[in-house]
Each structure stands twice: as C-alpha cells, then as structure tokens.
Amino acid sequence: MGWGTLITRRLKVFSLALFVYFDYKAVQKRVQWVSAVKKNAIWAKTHERNARRVLNLMIELEGLWVKMGQYLSTRADVLPEPYIEVLKQLQDSLPPRPLEEVCGTIEKELGKPMRQLFATFDVDPLATASIAQVHRATLEDGREVVVKVQHDGIKEIILEDLKNAKSLIEWIAWAEPQYDFNPMIDEWCKEAPKELDFNHEAENTRTVSKNLSRKTEGGSGSVSSDVDVLIPEIIQSTEKILILEYMDGIRLHDNDSLEEYGVDKKRLVEEITRAYAHQIYIDGFFNGDPHPGNFLVSKEPPHKPILLDFGLTKRISQSMKQALAKMFLSCAEGDQVALLSAFAEMGLKLRVDMPQQSMEIASIFFRQSTTATEAKENIKALNEQRERNAKALQEKMKLNKKEVKHFNPVDAFPGDAIIFMRVLNLLRGLSASLNVRIVYLDIMRPFAESTLLGSMTRGPSTNSEWIYDSPVNSEVESKLRSLLLEMGSDKILGLQVCAYKDGKVIIDTAAGTLGKYDPRPVQPDSLFPVFSVTKGITAGMVHWLVDQGKLKYEETVADIWPKFGTNKKELIKVHHLLNHTSGLHNALGDVVKTDPMSVCDWEEMLDQIAKSTPETEPGSSQIYHYLSFGWLCGGLIEHASGRKFQEILEEAIVHPLHIEGELYVGIPPGVESRLATLTVDMEEIQKLQGIKPGPDVPPELLSGIAQMAAGVPAMFNTLNVRRAIIPAANGHLSARALARYYAALAAGGAIPPPHSSNAKPLLGSHVHTPAFPTAATSKKKKRGSAKKSSGSSSSMEKVEYAQLRTSDADSEVSVAASGSTGGRLFSNSDSGIMDAFMGVGEYSGMIHPNGKFGLGFRRYGRSGAPPTGFGHSGMGGSNGFCDPEHGFAIAVTVNKMALGFVTRRVVRFVCEELGVPVPDEFSVAGEKGPDMVLNLAPPAE
C-alpha cells in the first residue's frame, strides 16, 4: 500500500467524522425551536443519513472499519434504530475478492496447486468479511470443509486503520470529553493484530473447544454441563489459510429461517451467554469478538449455537478471573465494598470516591437486556443516569460544567477488563438484535460463583493458606491453630484472634477469607465489622473524658447537653447512660423502622435522641440499649469535649495505643481493600427458634429471626453504613487492635509494650486517614467530605459549640500520641478506673443491683461470684474482654455471623490452656449476653 493510498484513507475518515459531527451539532441547535413530534422526525432522518454515510465509507475502506461497523450494528440497546438497520448490512458478505487472488494465496500458503488440495472448491464464497473470505470445499478424502483465506495486503490496511481509529478517538475525546474511548481503542490496537495470524486462531479454536467439552467441578458443583454449543474442528492452518470442518447452519440475522426452523431465540442467546460465562469465569480464555457474524445455528434440533472465529481471543490470569467474578457478584449483591475491592484487584484506579455511582455504572454491564423495541427507552434511561452521575461528580469535585466535561474519574483502566466489557456489550447487543430479553445475572452467576467458591471451599485440610502465614507467638497459639483447622471452614469463614498475657502478645492469628465472594485471605490488619463490640470502645471514650475532668459520672446529662433536658430526661445522669438504665432503650426504634438508613445521619440521630422520651424511670431497670447507647454516649462525648467524636476516638485511644489504621467507628475512604464482608450462618440462626425469650421480648419476634438476621449483613455491608458514625454498632477493627485496647484497660490504662515486631504488616503502620488520589484538597476538607458521605450533614463543620463546656483553663482535651501521661490512657489509679469499668467499690451505687453491666462494659465472671473481668460482645460473635486479675485480654473477630459458637470455643480453649477462669459468657451452659443471641436474650434486670 503506497503513501498516497494511506493518506487518502486517513483524509476520508476524518472528513466524514467532521461532516457527521457538525451535522449533529447543527441539528442539535435546530430542534430547540420545534415541537416534540417534529423533533423526533428530524432526529430520525439525521440518524439515517449519517448512518448511510458511515456505511458507505466502511464498505469502501473495508478492513478494520467493517469490523467496527459490525460491532456497532449489534448495539441495539444503545444506538438509534436507523444505525442498527443500516449497519446490519455489514453482517452480510462484503463484495467478494477476485477468485484469482484467493487461489493464489491458497497455493502459495499450502505449496500445492488447487487440484491437488481439493476435490471440489466452490467459486462463490459463503461470506466475505473484513479480514478474510470463506469458501466451501471438499477434500480429497471426501470431508466437507470451509476454507478461510486472508485478503491480500489486509495486514498493512488493518495496522494503518488502527492508527486512524486511535487518532479519531483522541479527537472525539478532545471535542466531547464525556465520550472518551481511548482505553478501549488502546486495547484493540494491542489485540487486533493477533487476528492476522490464522495459526493463532487455529490454536485458540482447539483450546476453547477442549475447554467447553471438559466437565469442570467448581465450588457450586458442575456448571459446564449447562454449556451446549458446537465448534468446528480445525483441519489445517497457516498464517493466511484456515481449513475447518463444514457445519451447515443458519445466520443469526436470517430471522425468516430462524422462524421457519422453529429456533427458540431466547434459549439460543442463553446458551451463547453460558458458553461465554464458562470461557471467562471457568477457563479464563474467551473469544473477545462475539458479533452476530461469528455465530450460526444448527439446522437440526435442538438447534445448538455454532461458535466461529477465535482470532481475537483473550487469556486472563487467575487473579483477574477472580476479580471479574467478584465484580459481577458484587453487582448482583449490591455490595459496594466488594466492588471497590474488585476494581483495585483488577487494576482499575479511580480518582474520586463515589461508590454509589461506581456501582450504578458497573451494574449497567450486567443489567437485564432490553429488546430492540425498548431501545429508545433504554437509551433515554442511560442518558439520564449519565447526567445524574455527571452532576454528582460536579458537586463532589466542585467543578464547573466545562471542567466536569474534561475530568476523567478513572485514573487507570486495565486492558483485560475492557475486552471483558466489550464481550458483555456484544452479548447484550445480540439479545437486542434478536429481540429477546435475557437476565444475565441469573445465567452468569453460577459460573462466577464457581470461580470464587471453587478456591474457597477446599477448606483448611487442603488449603495451606487458610491460616495466614504469621509467626507463632506461643505454644498456646500453636495449639489454637490446630483447633481452628479442626473446626474448619464449615463454621469459620474469616476470623482473627489476638490475646495478651501479662502485657505480652501470646496469640495473633488470622484465618479464612474476607468474604463469601472474596477469596483473599484474612490478614492480621484486616478490618472486621464488630457491631456492639463498638460499645466498649465508646464507653472507654466516656471514661477518658471523666479522667480528663470533662465529665462526672453523677452529672446530669442535660447540664452537659442542654437540648437533651426535655421530655422527662432531666434526671438522667451520665452513669445511667453507661449502665443501660436511662430508660431510652427503644429511643430510636420507630425512627429506624421507618427509615433504616437514617442511622447514617449523625446529626439527625443526635437530634432524635435529644427529643426522645424514656420508657422507665432512670436507674429503675437495666434494659440493653442495643442501638441508642451509641448516640447517647456519642452526643455526650461531643458536647463535653467541644470536639468531634472521631477526633476524641483518635486522641484518646488510637494514637496512644499506636493502632492507626486498625480501629475506626465509621471508616474513611481508602481502606475498603482491607474490609471483611459479613455473611450469616443460617443453620446457627435457626437455633434461635428454640430459645425462650425474656419477659420484654415478644415471642412472635422470634418467628422472623431468620429473615431479620439475613437482612443485617446486607445493610451493614454497604459503604453508606460502614462510613457512618454509629458508636453502638459500627466499629471496624482488627483483633490485634481490640486486644491491645483491652490489655491496656486490664492494666488500668497502662499502655502495653509495642506489638510484635515480627507481625506483617506492623500494627500502627497504616495511615489512619488515607489520601484519595483526587484533585489536591486540604486534609481538613477531605475529612469533611468523608463525613458528609457517611450521612452527616454538610453543616456539621460549621456547628458552633457555644453551649459546649471547656475546661476551666479553656484548653482543648489532648493527649499526645506518644503518651504524654507517661504511657497511660488514664491518670486515675489502676484499681479506681477498673472499679468504674465494672461498677464495683465506690461505683457500685451507680449500677443496677445484680445487673450484668458495669459502667459501659458487660461484666464477666462465674455465676454467684463477683465479676472478674469486663468487655463487650457483638452481634454475630465478635468479642473483646479482659481479666485484670490474671493479666489477660483477648479479642476475636468473625465475619460469619452466628450465635457465638466459634468465639466461645476459642475463648474457652485459650482460657483453659492458660489457667484463666472461663466466664459464664463463654462456658458451654452459662448465660449468654444479649449480643451473643442477636440482642434477643432476656434483658438484665
């Protein structure tokens, strides 16, 4: 191909692009002044004339442009109907190449004259495509075959067309930044040249055929039996010649023939989709070019799909395969955390933290397909969603309309994911062109699950990585790991255990996986949602403020928080809040029932608490404040300190203990990759049916327990809830951070020696509030954004604490991270502060007689004996507690919610090994705390 021809092709491409672009811009202005009916007619004519211009040039230029037109002709779900109807002609044969050229290529490649190669050779081609021409023939041995012959000189044309296409895409991205297809064309430039070697295609065909005929066992059973397709056998190949088995079939665009043969088009597309799901999720090796021209339908019942043309075939790694499966399943489950984790694993980097919009965009690829007749509504809906996302991005980044057009929220887009999404789009276009509706989530889900669950359900006996490879700190830890292997993945999905004895770490073990659909191993720094374990953290903050002189246990709450002193709450004191005796145990019940997501709005919850009315007299009855406890104490903390809740959390606990990045109440953006995902052990939950409820628990409530338990993970797995400040239920932490906290409390606030230097990563080595790779903003502004996304009102940064108290010296509450109090959390004496935790000694009059709670902590011990320890359990099984007398502290975190069986067995085992008395909470027959039975145990009165 000469330079003149190359320049001519480029000029024709760009001339047409400019012509079409200015035509649409002109019509865009023109239709502003006409009626809706006339507007639709004008647009229809505009689409048709430009579609014909595009078609004519594609036919003239052939090469890559034909392939691009074939792709566009399948997108009936997003392109105007005139384009589909006009470009559909490209699915038929192009003008045939001369027979002399075809025969010359065959003889040159195979080294023999035509008469020695074939008994018969049809001079009229079956089809002429962008790269090759196909003829039917008969070999000397009588076998019927098709001969695929590459066009002469097509390689140079394709390579030049790729350059032109790249330049065109760059120009479009410059003119209309919201249409930036550079990642897609970059991947195409890398993959398209592979189609020009038919030896490559032959090997790909053999591999796919072998994969789809092999029965593969996965975590959810055999899924390959659902794949029922035909693939022609490869007879011979060279770089430019491919000889395949002849299969008589119907083309997908031949609707009359499909109707005549009685082909079930819906079943046909479902079978094709299953075949691609198998290729992607099971094999990791798939055809990246499933346009209608690459399929036939067998004429014999049951009319199986015939898969053709494996020139553009993509191989992906095991990790990418799992990431794509995880992305699919996270969309199916609506799990934003898993989606962002999948993005990170596949190398998709975002410049902005917008999880809701990310979920909406990703879900587009897996949504139920629409028929061609619904295309207009579908295009309208997609455009409206695009506009909503652009508006949200503009508000998030504080950009003007011009800036938002030029802002790309994606920092890096992996090529493997581009081909994957292209395949999904082509499959969607296939269903639209055949006018059938396909539920992709239902069809592809078993294959995606097989990819993840296949590696996760092998269990500890065969998976050497089930227990994370970390140093063994003691003989007890070695024995514990053997116990965990014995318990196995049936009861344990993911777990962390950390224990201190006499100030030293003796156990720091992680096992299992981060989630049901997340095969990554749990590590020591993984973050688990621990529900009411958070109450123990919040209570510690209140005690810290008392120690700092900001609060008194006997002080009336209304004196600290003036708005609180209404609706018969004037007599409620600080110790009533800590001891669950304020009478506000159901304060937010109606609010949460009406709008469960209202828990994400910090200011609204504090306002509702301030308006609430107690159900019992303060101090008269100890009834577990399962949700209200957090906002009662949270509001108290903010009003007593004059500072934000999370600032006090960091200063009082996180920094002094050096547990940065491993203890949060409301996570910041940037830690999603370390989050464990919740699931429910429904077999265990069903056992609640046999539990006798306490006097304050309606019996009928137990009947719906399974449904309620299943709904909790769905809500608490969402990023909105994870980022909210819910001090009673929303802690995200590692067991080693929690155990260190309780080790300090067990020593009256004395900070333990540094955590093991052998731990990887080191405790406290994470940045507590990661910087997101967005446009440069101040740290203060980022923190405000994170709070806003968690549900806090935007005015929160402007709250004036005019009524909030400060110390007599008007100084802020502060303790240096290095421990300016000499390595202590509290300045109070060891016994004094621990007496307060357990509500004994001089504090015994502040708790309810015979109650199970001290001041903020559940008291642990043996029945009939004084309490020996304190801590807090969380719904589903996570727990942290300490026994000061024996210098013992332990934390267990789990992500498979149950009735605490795993935690009780672990704690019981460790205590027995160390000679520490086993509290009733963890014994076989002892009474269990409220969170061990999903907050439905009898109230402690």
Side-chain angles (χ1 to χ4, degrees), residues 219-220 319 322-346 355-356 358-359 362-363 445 448-449 451-457 465-466 468 489-496 510-531 533-534 600 662 664 666-682 684-685 709-724 726 729-735 790 874-878 892-898 902-903:
S220 54
S319 59
Q322 290 186 343
L324 292 175
K326 188 174 176 181
M327 180 175 74
F328 174 88
L329 292 169
S330 65
C331 291
E333 298 289 323
D335 188 341
Q336 297 168 344
V337 172
L339 178 66
L340 294 182
S341 174
F343 283 172
E345 290 170 43
M346 67 175 65
Q356 182 61 42
S358 297
M359 174 62 75
S363 297
R445 184 170 192 142
E449 286 183 337
T451 293
L452 290 182
L453 301 185
S455 61
M456 294 164 63
T457 57
E465 297 181 357
W466 192 77
Y468 187 74
S489 59
D490 180 48
K491 290 299 178 186
I492 300 172
L493 177 60
L495 165 144
Q496 295 169 323
T513 61
L514 285 174
K516 181 180 178 182
Y517 295 127
D518 192 341
R520 293 176 300 151
V522 172
Q523 299 186 28
D525 64 335
S526 298
L527 300 173
F528 280 68
V530 293
F531 293 99
V533 171
T534 317
C600 298
E662 296 194 29
Y664 299 99
I667 63 166
V671 303
E672 292 84 2
S673 63
R674 292 191 286 127
L675 293 179
T677 302
L678 294 166
T679 189
V680 174
D681 186 338
M682 292 308 299
E684 277 285 297
I685 299 304
V712 168
M715 178 176 175
F716 277 80
N717 280 336
T718 65
L719 269 184
N720 283 344
V721 174
R722 288 183 186 259
R723 291 180 176 177
I726 310 175
N730 203 35
H732 285 75
L733 46 80
S734 66
S790 70
M875 179 171 64
S878 294
V892 181
T893 58
V894 297
N895 59 353
K896 190 172 188 178
M897 298 174 63
V902 171
T903 302

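- In this structure, the side chain of Asn895 does not engage the main chain of Leu675 through any donor-acceptor pair within 3.5 Å.
- Looking at Gln496, its side chain never comes within 3.5 Å of a backbone N or O of Ala510 through a donor-acceptor pair.
- Taking the side chain as every heavy atom from C-beta outward, Phe531 and Leu678 approach each other to under 4.5 Å.
- Proximity of a side-chain donor or acceptor of Ser878 to a complementary backbone N or O of Val894 within less than 3.5 Å is detected.
- Across Ala724 and Cys600, no two heavy atoms sit closer than the pair CB-CA, 3.5 Å.
- Rounded to the nearest 0.5 Å, atoms OG (Ser734) and CD (Gln523) are 11.5 Å apart.
- The OG1 atom of Thr677 sits 8.0 Å away from the CZ atom of Arg520 when rounded to the nearest 0.5 Å.
- Using a 4.0 Å cut-off between charged side-chain N and carboxylate O, Arg723 and Glu672 make a salt bridge.
- Nearest heavy atoms, His732 versus Leu527: O-CD2, 4.2 Å.
- The backbone N or O of Thr534 sits nowhere less than 3.5 Å from a side-chain atom of Asn730 that would complete a donor-acceptor pair.
- To the nearest 0.5 Å, atoms CZ (Arg674) and CZ (Phe528) are separated by 12.0 Å.
- One finds the CG atom of Asp525 at 5.5 Å from the CD atom of Glu662 (value rounded to the nearest 0.5 Å).
- Remark: Lys896 engages Leu493, Thr679, Asp681 in a side chain to side chain contact (heavy atoms under 4.5 Å, CB included) (not counting sequence neighbours).
- Side-chain contact annotation: Arg722 with Asn717, donor-acceptor N/O pair under 3.5 Å present.
- Ala325 approaches Ala448 most closely through the heavy-atom pair CB-O, 3.6 Å.
- Note: Met897 CE to Phe716 CZ = 8.5 Å, rounded to the nearest 0.5 Å.
- Here the rule is side chain to side chain contact (heavy atoms under 4.5 Å, CB included) with Ser526, and of Leu733, Leu495, Leu514 only Leu514 fits it.
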